[in-house]
Amino acid sequence: NFISTSTFVGTDPWFHISIVKMITEMNYLPINEYHENLGLHLIGSIMYFFSNIDHLMIPKVYIFISIPLSSLILYVIFQRIFKNKNLAILGVFLAEFCSLGFGGIMQVYWAVTISYLQCLAIFFLLYMRIGKFIQKSSVNLKFVSSNMVFTYIIVFVLFLSALFTHSLVT
């Protein structure tokens with residue numbers, strides 16, 4: 001019934017809509033208004049800038065934009081990992097629609113979702129790195145050390161940001 005209602009119940013949805021409106025119309029990032037937690041507000045502002053829908057419609061269409069977009073991203077990652085269309089579709093289904101998947105996590109809190117996607121990026125980077133080793137018949141030290149520093153710096157930064165995003169924000 002969330003989509004069919006014309007007004008929001010309580011003051012909380014209106015407060016979030018006003019924060020998105022502040023960001024989009026006044027070009028002001030209200031850091032202190034919401035305890036420095038502006039994840040969904042920034043995503044809503046981006047949706048407003050790209051689609052130009054009314055501010056009141058952003059919460060109603062958010063689920064219709066976020067689920068297909070995240071499904072597409074997960075499908076590309078799983079297709080590259082599994083190299084099998086059926087396994088990629090099954091992986092997207094499990095990751096999106098299970099209670100522990102992206103869809104269930106997104107309803108809980110946005111910081112968990114961002115940490116989930118950052119950890120998925122770490123997995124993908126490490127998988128792509130090990131995939132290079134599997135393709136070679138013999139591996140030497142120069143091949144192992146190529147891009148090693150860059151990859152592990154990115155993995156370390158992603159891990160720290162996922163850790164801080166989840167623990168400090170929640």
Side-chain angles (χ1 to χ4, degrees), residues 1-81 88-125 128 150-151 153-170:
N1 277 354
F2 177 68
I3 297 165
S4 64
T5 59
S6 60
T7 59
F8 299 108
V9 179
T11 58
D12 190 52
W14 295 104
F15 179 65
H16 294 294
I17 290 170
S18 69
I19 290 175
V20 172
K21 210 170 191 177
M22 243 189 257
I23 294 171
T24 57
E25 291 182 357
M26 298 185 333
N27 296 327
Y28 170 69
L29 195 59
I31 300 284
N32 297 326
E33 275 78 0
Y34 198 64
H35 314 292
E36 301 173 358
N37 261 342
L38 296 173
L40 288 177
H41 305 106
L42 292 174
I43 294 171
S45 301
I46 291 168
M47 286 172 54
Y48 173 79
F49 284 130
F50 282 113
S51 65
N52 203 21
I53 61 174
D54 190 33
H55 289 93
L56 297 175
M57 291 298 295
I58 290 173
K60 293 184 178 186
V61 299
Y62 183 79
I63 194 164
F64 297 115
I65 293 174
S66 64
I67 288 180
L69 186 63
S70 63
S71 296
L72 182 65
I73 292 169
L74 285 173
Y75 177 77
V76 169
I77 291 173
F78 288 152
Q79 179 68 25
R80 193 146 180 210
I81 291 172
I89 291 172
L90 177 67
V92 168
F93 177 74
L94 292 175
E96 282 287 333
F97 301 109
C98 288
S99 62
L100 295 176
F102 182 77
I105 290 173
M106 192 61 190
Q107 295 172 359
V108 177
Y109 197 60
W110 68 270
V112 177
T113 306
I114 293 173
S115 298
Y116 173 73
L117 292 175
Q118 288 170 333
C119 291
L120 191 62
I122 290 172
F123 168 73
F124 182 69
L125 285 172
M128 294 309 295
F150 180 71
T151 302
I153 286 174
I154 291 177
V155 166
F156 182 71
V157 167
L158 278 171
F159 175 75
L160 280 181
S161 66
L163 183 71
F164 289 146
T165 299
H166 186 264
S167 62
L168 295 178
V169 173
T170 57

Straight-line distance of [X] [atom1] to [Y] [atom2], nearest 0.5 Å:
X      : Y      : atom1 : atom2 : answer
Leu158 : Ile153 : CG    : CD1   : 12.0 Å
Phe93  : Ser71  : CZ    : OG    : 11.0 Å
His55  : Met47  : NE2   : CE    : 11.0 Å
Tyr48  : Ile17  : OH    : CD1   : 13.0 Å

Show the nearest heavy-atom pair for residues [X] and [Y], with the distance to one decimal.
X      : Y      : answer
Phe49  : Thr24  : CZ-CA, 3.8 Å
Gln118 : Ser161 : NE2-OG, 3.2 Å
Ile23  : Ser45  : CG2-OG, 3.3 Å
Ala95  : Phe78  : CB-CE1, 4.1 Å
Phe124 : Ile77  : CD1-CG2, 3.7 Å
Ala88  : Tyr75  : CB-CE1, 3.7 Å

Just so I know, are the side chains of [X] and [Y] near enough to count as touching, which here means a heavy-atom distance under 4.5 Å?
X      : Y      : result
Arg80  : Met128 : yes
Ile122 : Ile154 : no
Leu120 : Leu74  : yes
Ile81  : Phe123 : yes

